[in-house]
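Heavy atoms only: backbone and side chains are in, while hydrogens, waters and symmetry mates are out.
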Amino acid sequence: MFNPIRRNRNIGTSKQGYGSNNKLKIPYPCSVSKSFFERLDIYTKVTRLINGHEFIFVVEATREPCRHACSIIDIEKIIEHIPVFDYGKLKLIILRQPKRKEEIISPVWGRLIYSYEFEGDYHPAIIIEAANYEKKITWSKSLTADDRQELDRLKADGHLFLEGKTNYTAILDIVNVRTTQLYRTLPHEFGHYVHYLEIVERPGNDEEDYEEWGKRDDVYHKISKNQKESYAHRYADKLLKKLTAEKIAPFDLRPYHPSTQTPSL
C-alpha cells in the first residue's frame with residue numbers, strides 16, 4: 001500500500017535528477033563554433049623549419065602556478081629525430097594553458113587533433129598542456145591493467161606516488177612533467193597520427209572520390225581505443241629506445257623566461 005509519509009530513497013540523489021543542472025561542465029558558448037581546445041587567449045606564434053617541413057609553434061601564456069614544461073627547442077629536438085615520412089600534414093604544435101574547469105574535468109598531458117582551427121585555417125595539431133604545480137595527481141587503487149601500466153610509466157618518469165588507503169597521490173614537479181611530455185606524450189601523439197596516416201591518408205591518391213577517403217576515415221574512427229593506445233605506445237617506446245641508444249635523450253632542461261612565464265624559445 002502506498003504510504004505518502006515514507007521517504008523516497010532517491011530523493012536528493014542523481015537518480016531523481018538532483019544536481020543535474022549544476023554539474024561542472026566545460027562551457028561551449030553558443031556564439032563560438034570552436035572546440036574548447038581551439039579557444040586560445042594570449043599566445044606567441046613561432047615558425048620553425050624542421051627537416052624541410054614547416055611547423056608552427058603556438059605558445060599560450062600561462063597563469064600562476066602553471067608552467068609549460070617543454071620549450072620549443074626541446075620539442076624541436078625530438079621532432080628532428082622522427083622520420084620525415086611520419087610528419088604527414090601535421091603543422092601545429094600547441095603549448096596550451098587549460099582552463100581551471102578543464103583541469104578538473106578533462107586533465108591530459110597532450111592531445112592529437114586531426115583538424116585544428118587556428119587563425120582561420122585548419123591543420124592537424126599536437127597539443128601539449130601546461131601543468132598546475134599546486135595540484136596533485138590522484139589515482140585510485142582500483143586499477144585496470146592499462147591503468148597499472150600507465151602508473152608504472154609515470155613512476156619511471158620520476159613522479160613520486162605516495163600510497164594511501166584508497167589512492168596513490170603525487171605532487172607535480174616540472175622536471176618530471178617535462179620527462180613525461182617530451183619523451184612519451186609527444187611521441188605518443190605522433191604515434192596516433194602515424195596510425196591515422198597509415199589507415200586513412202597513405203592508401204589514397206589525389207584522383208580518388210571523397211567517399212573513398214570517408215570510408216577509410218570511418219574505419220579508423222571505429223578502431224577501439226585500446227588498439228589506438230597500444231599502437232601509439234609502441235611507436236613512442238620504439239622512438240625513445242632509439243633516442244636513448246643514440247644518446248640523444250635525455251638532454252638538459254631549457255630555462256624559463258621569468259617575465260613571460262613561458263619556456264625560452
> How long is the straight-line distance from CD1 of Ile50 back to NZ of Lys77, given to the nearest 0.5 Å?
13.0 Å
> Does atom CD of Glu211 have more than 12 heavy-atom neighbours from other groups under 6.0 Å away?
no
> Scan side-chain atoms only and decide if Tyr231 and Glu198 contain a donor-acceptor pair under the 3.5 Å cut-off.
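A pair is found: one side chain offers a donor N or O, the other an acceptor, under 3.5 Å apart.
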> Are Leu154 and Ile171 joined in one hydrophobic group, where the rule is that I, L, V, M, F, W and Y side chains link up if heavy atoms are under 4.5 Å apart?
no
> In the structure I gave you, are the side-chain heavy atoms of Leu186 and Ile126 within less than 4.5 Å of one another anywhere?
yes
> Would you check, one step at a time, whether the test salt bridge (charged side-chain N to carboxylate O under 4.0 Å, His left out) holds for Lys222 with Asp217?
CA-CA 9 Å; Lys222 288 178 181 177; Asp217 188 64; over 6 Å; no
> Give the minimum heavy-atom separation between Ser140 and Asn167, together with the two atoms involved.
CA-OD1, 3.4 Å
> When you look at Glu60 and Leu95, which way does the side chain to side chain contact (heavy atoms under 4.5 Å, CB included) test go after all the steps?
CA-CA 6 Å; Glu60 187 174 20; Leu95 299 181; over 6 Å; no
> Between Tyr43 and Phe118, is the ring pair (Phe, Tyr, Trp, His ring centres under 6.0 Å) condition met? List the steps.
CA-CA 12 Å; Tyr43 62 83; Phe118 177 69; 5.4 Å; yes
> Are Glu229 and His188 linked by a side-chain donor-acceptor pair shorter than 3.5 Å?
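Present: a donor and an acceptor within the cut-off.
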> What pair of heavy atoms forms the shortest contact from His159 to Ile137, and how long is it?
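Closest pair (atom of His159, atom of Ile137, distance): ND1-CD1, 4.3 Å.
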> Hey, are Thr180 and Asp157 close enough side-chain-wise for a donor-acceptor pair under 3.5 Å?
yes
> So, Asp147 and Thr144: side-chain donor and acceptor under 3.5 Å apart, yes or no?
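Distance-only check passes for Asp147 and Thr144.
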> Are Ile79 and Ile93 packed together at the side-chain level, in the sense that at least one heavy-atom pair is separated by less than 4.5 angstrom?
yes
> Drop me the distance from Tyr183's OH to Arg178's CZ, to the nearest 0.5 angstrom.
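So the OH of Tyr183 and the CZ of Arg178 are separated by 4.5 Å.
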> Can you list the steps and then say if His81 with Ile248 is a side chain to side chain contact (heavy atoms under 4.5 Å, CB included)?
CA-CA 9 Å; His81 294 89; Ile248 296 166; 3.3 Å; yes
> Can you tell me how far apart CD1 (Ile56) and NE2 (His123) are? Round to the nearest 0.5 Å.
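So the gap between those two atoms works out to 6.0 Å.
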> Give the intermediate values and the outcome of ring pair (Phe, Tyr, Trp, His ring centres under 6.0 Å) for residues His195 and Tyr220.
CA-CA 9 Å; His195 195 189; Tyr220 173 78; 5.6 Å; yes
> Grab the two heavy atoms, one from Pro83 and one from Tyr235, that are nearest each other, plus how far apart they are.
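Taking Pro83 first and Tyr235 second, the nearest heavy atoms are CD-OH, 4.0 Å.
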> Any chance NZ of Lys141 has more than 12 other-residue heavy atoms, nucleotides or ligands included, within less than 6.0 Å?
yes
> Cluster question for you: counting only ILVMFWY and a side-chain heavy-atom cut-off of under 4.5 Å, with indirect links fine, are Leu197 and Val84 together?
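Per the 4.5 Å side-chain linkage, Leu197 and Val84 are co-clustered.
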> I need the Tyr168 OH to Trp139 CH2 distance, nearest 0.5 Å.
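The OH atom of Tyr168 sits 11.0 Å away from the CH2 atom of Trp139.
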> Going from OG1 on Thr185 to CD1 on Ile127, what distance comes out if it is rounded to the nearest 0.5 angstrom?
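Thr185 OG1 to Ile127 CD1: 12.5 Å, rounded to 0.5 Å.
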> Taking all non-hydrogen atoms of both residues, which atom of Ile82 and which atom of Asn51 are closest, and how far apart?
O-ND2, 4.4 Å
> May I ask you to check whether His53 and Phe55 place their ring centres under 6.0 Å from each other?
yes
> Would you please test Thr47 and Lys91 for side chain to side chain contact (heavy atoms under 4.5 Å, CB included) and show each step?
CA-CA 10 Å; Thr47 300; Lys91 190 167 187 174; over 6 Å; no
> Leu112, Val219: one ILVMFWY side-chain cluster at the under-4.5 Å cut-off?
yes
> For a 4.5 angstrom cut-off between non-hydrogen side-chain atoms, does Val59 reach Ile72?
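When only atoms from C-beta onward are counted, Ile72 and Val59 do touch, with a gap below 4.5 Å.
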> Can you confirm whether more than 12 heavy atoms, excluding those of Lys135, are under 6.0 Å from its NZ atom?
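Not more than 12 within 6.0 Å, no.
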> Nearest 0.5 angstrom please: Trp213 CH2 to Glu208 CD, how far?
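Between Trp213 CH2 and Glu208 CD, I get 10.0 Å after rounding to 0.5 Å.
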> Could you check Arg48 against Glu80 for salt bridge (charged side-chain N to carboxylate O under 4.0 Å, His left out), going step by step and ending with a plain yes or no?
CA-CA 11 Å; Arg48 289 283 192 269; Glu80 283 176 354; over 6 Å; no
> Within a reach of under 6.0 Å around CZ of Arg202, are more than 12 heavy atoms found that belong to other residues, nucleotides or ligands?
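Yes.
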> Is there a side-chain contact between Leu92 and Phe57 in this structure, where contact means two heavy atoms from C-beta onward sitting under 4.5 Å apart?
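The answer is no; the side chains never approach within 4.5 Å.
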> Is it true that a side-chain atom of Asp74 and a backbone atom of Ser71 form a donor plus acceptor pair closer than 3.5 Å?
yes
> Would you say the side chain of His68 lies within less than 4.5 Å of the side chain of Gln181, judging by non-hydrogen atoms?
no
> State whether Arg216 and Glu212 are salt-bridged, where the test is any N-O pair (Lys NZ or Arg NE/NH1/NH2 against Asp/Glu carboxylate O) under 4.0 Å.
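Looking at Arg216 and Glu212, the cut-off is not met.
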> Any salt bridge between Arg67 and Glu64, counting N to O under 4.0 Å?
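Result for this pair is yes, salt bridge flagged.
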> Could you tell me whether Glu189 and Arg111 make a salt bridge, using a distance below 4.0 angstrom between a side-chain N and a carboxylate O?
no
> State, with a plain yes or no, whether a side-chain heavy atom of His233 is found less than 4.5 Å away from one of Arg153.
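Yes; the side chains approach each other to less than 4.5 Å.
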> Is there a continuous path of hydrophobic side-chain contacts, each under 4.5 Å between heavy atoms, that joins Phe85 to Tyr193?
no
> Heavy atoms only: give me the nearest Ser115-Glu38 pair and the separation to one decimal.
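That closest heavy-atom pairing would be O-OE2, 3.8 Å.
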> Indicate whether the side chain of Ser230 and that of Gln227 have a donor and an acceptor atom separated by less than 3.5 Å.
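Their side chains do not contain a donor-acceptor pair, so the 3.5 Å distance test is not met.
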> Evaluate ring pair (Phe, Tyr, Trp, His ring centres under 6.0 Å) for Tyr196 paired with Tyr114, printing each intermediate quantity in order.
CA-CA 9 Å; Tyr196 171 82; Tyr114 303 98; 4.9 Å; yes
> Less than 4.5 Å apart, any side-chain heavy atom of His221 and any of Ile199?
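Of all side-chain heavy-atom pairs linking Ile199 with His221, none is under 4.5 Å.
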> Leu240, Phe251: one ILVMFWY side-chain cluster at the under-4.5 Å cut-off?
yes
> Got a sec: does the CD1 of Ile42 have more than 12 other heavy atoms crowding it under 6.0 Å?
no
> Could you check if a side-chain atom of Ile128 sits within less than 4.5 angstrom of a side-chain atom of Trp109, using non-hydrogen atoms only?
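The answer is no, as the side chains (C-beta and beyond) never meet within the 4.5 Å cut-off.
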> Taking all atoms of both residues into account, what is the closest heavy-atom pair of Leu182 and Pro187, and its distance?
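In terms of heavy atoms, the two residues are closest at O-CD, 3.4 Å.
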